[in-house]
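Below you'll find the structure, written out as structure tokens, and then a few comments.
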Amino acid sequence: MKSNYGKFGKFSKLGKFKLLALGKIIGIMGLTSASLLMSIASQAQEVRNPKPSIFNEPLYNRGKQPSVTTPVITPTQPATEIPTVKPTPTTPITEIKETRNLIVLANANGSFKTLIKALTAAGLTDTLQGDGPFTIFAPTDAAFAKLPQDAVRDLLKPENKQILRQVLTYHVVSGKVLSSDLKSGDLKSLQGDPITVKVDRNGVEVNDAKVTKADIQGSNGVIHQIDNLILPPSI
């Protein structure tokens with residue numbers, strides 16, 4: 001009887017060789033699998049941070065992510081334009097011009113009643129309401145009251161009209177002479193005789209009368225109020 005040892009022995013060698021080959025194949029496959037897994041793991045890590053920035057890493061960011069502050073833009077209201085107020089042009093103050101003539105002005109004054117009566121008796125009111133200009137040294141009612149009442153009544157009589165005219169025209173100067181224009185010296189009266197003017201620190205005097213109120217201006221001249229009646233030297 002033949003022994004099967006040889007057959008079994010050959011089988012055993014062949015089986016051993018196959019086992020060794022299979023082990024190598026498994027080993028190769030294991031390495032390949034491990035490499036594949038490492039590659040997948042590496043790719044997975046790269047996907048988590050595909051583009052790292054150095055400014056996001058420790059030391060540069062001092063261990064925390066930099067915060068980006070978005071500026072808050074508050075809408076501003078458009079500036080309200082302040083309207084420019086132009087100054088209202090003021091009308092220059094115009095000097096009020098007296099429209100009343102010297103006779104109307106003297107009559108309205110109230111202090112020259114006797115003078116107005118004498119001028120009317122002498123027929124001089126129309127002249128002194130003319131264009132002029134005239135300057136009147138006008139005696140007040142108190143000045144006429146210093147004279148004897150009989151003398152005043154006599155002057156107002158029709159037969160004494162010419163003398164009255166001379167007395168009254170002696171109180172009148174042709175032209176408008178304000179107090180600032182007066183100076184010591186003589187002024188020629190409308191009657192013809194000179195009036196002696198004296199100007200000093202005490203005021204203005206004409207002959208023996210004192211100017212008590214100056215520069216009462218009318219439309220055709222000026223009145224200077226005096227405290228005495230003055231008489232022409234030639235009478």
Side-chain angles (χ1 to χ4, degrees), residues 93-183 185-199 202-235:
I93 299 174
T94 305
E95 182 181 352
I96 299 174
K97 186 176 181 180
E98 178 61 67
T99 59
R100 295 174 293 178
N101 62 59
L102 295 177
I103 296 299
V104 175
L105 195 61
N107 193 43
N109 183 278
S111 299
F112 306 114
K113 294 177 182 178
T114 305
L115 177 61
I116 293 298
K117 187 183 293 186
L119 290 170
T120 302
L124 292 173
T125 54
D126 288 344
T127 300
L128 296 178
Q129 290 185 92
D131 294 336
F134 304 105
T135 298
I136 301 176
F137 294 97
T140 62
D141 292 338
F144 277 100
K146 293 178 181 180
L147 299 173
Q149 292 302 307
D150 292 341
V152 175
R153 281 195 300 265
D154 286 343
L155 279 173
L156 295 176
K157 289 179 180 180
E159 59 268 28
N160 293 324
K161 183 176 180 179
Q162 291 303 319
I163 296 176
L164 181 61
R165 285 178 66 94
Q166 289 186 58
V167 171
L168 294 177
T169 53
Y170 183 64
H171 292 76
V172 181
V173 174
S174 180
K176 184 177 181 179
V177 184
L178 298 174
S179 59
S180 57
D181 300 322
L182 291 171
K183 58 184 178 180
D186 290 341
L187 284 175
K188 185 179 181 180
S189 68
L190 206 61
Q191 180 266 342
D193 288 348
I195 301 172
T196 302
V197 179
K198 181 183 177 182
V199 179
N202 296 319
V204 179
E205 291 183 358
V206 288
N207 290 3
D208 57 351
K210 185 175 182 179
V211 175
T212 55
K213 187 175 183 180
D215 300 334
I216 305 171
Q217 298 188 53
S219 62
N220 63 336
V222 62
I223 295 173
H224 300 299
Q225 177 180 297
I226 59 176
D227 62 356
N228 283 319
L229 188 73
I230 58 177
L231 299 174
S234 60
I235 297 178

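Not measured: the values here are computed from a predicted model. We number each residue from 1, following the sequence as shown.
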Self-check item: Closest contact, heavy atoms only, Gly221 versus Pro133
Solution: CA-CB, 4.2 Å
Quiz item: Under the criterion side-chain contact (heavy atoms from CB on, under 4.5 Å), which of Asp126, Thr125, Thr169 is the partner of Leu119?
Solution: Thr125
Practice problem: Can you measure from OG1 (Thr127) to CG (Leu190) and round to the nearest 0.5 angstrom? | Solution: 8.5 Å
Quiz item: Do you know which two heavy atoms are closest between Leu105 and Ile216, and how far apart they sit?
Solution: CD2-CG2, 3.7 Å
Quiz item: Quick one: salt bridge (charged side-chain N to carboxylate O under 4.0 Å, His left out) pairs with a partner in residues 140-153, sequence neighbours left out?
Solution: Asp150-Arg153
Quiz item: Would Ser234 and Asp193 count as a side chain to side chain donor-acceptor pair (under 3.5 Å) if you check the C-alpha gap in whole Å, the side-chain angles of each, and the deciding distance to 0.1 Å?
Solution: CA-CA 7 Å; Ser234 60; Asp193 288 348; 2.6 Å; yes
Exercise. Identify the heavy atoms of Val197 and Leu187 that sit nearest to each other, and give their distance.
Key: CG2-CD1, 3.8 Å
Quiz item: Got a sec, which residues hit side-chain hydrogen bond (donor to acceptor under 3.5 Å, both in side chains) with Thr140, two or more places apart in sequence or on another chain?
Solution: none
Quiz item: Quick one: does Asn101's side chain have a donor or acceptor within less than 3.5 Å of a partner on Ser219's backbone?
Solution: no
Quiz prompt | Side-chain donor/acceptor of Asn220 to backbone N/O of Phe134, under 3.5 Å | solution = no
Practice problem: Please round to the nearest 0.5 Å and tell me the distance separating atom CD1 of Ile235 and atom CD of Gln191. | Solution: 6.0 Å
Quiz item: Between Thr135 (side chain) and Val177 (backbone), is there a donor-acceptor pair under 3.5 Å?
Solution: yes
Quiz item: Nearest 0.5 Å, what's the CD1-OG distance between Ile223 and Ser111?
Solution: 10.5 Å
Quiz item: Do Phe112 and Gln225 have side-chain heavy atoms sitting under 4.5 Å apart?
Solution: yes
Quiz item: Can you tell me how far CG of Asp208 sits from CG of Leu231, rounded to the nearest 0.5 angstrom?
Solution: 8.0 Å
Quiz item: Backbone N or O of Asp215 within a donor-acceptor pair of the His224 side chain at under 3.5 Å?
Solution: yes
Quiz item: What's the spacing between Leu229 CG and Leu147 CG if we round to 0.5 Å?
Solution: 5.5 Å
Quiz item: Which residue pairs pass the salt bridge (charged side-chain N to carboxylate O under 4.0 Å, His left out) test when at least one of the two sits in residues 155-182, sequence neighbours left out?
Solution: Asp154-Lys157
Quiz prompt | Donor-acceptor contact below 3.5 Å, side chain Tyr170 vs main chain Pro194 | solution = yes
Quiz item: For Val172 and Leu168, which heavy atoms make the closest approach, and how far apart are they?
Solution: CG2-O, 3.7 Å
Quiz item: Between His171 and Phe137, is the ring centre distance below 6.0 Å?
Solution: no
Practice problem: Determine the minimum heavy-atom distance between Leu156 and Leu164, stating which atoms define it. | Solution: CD2-CD2, 4.2 Å
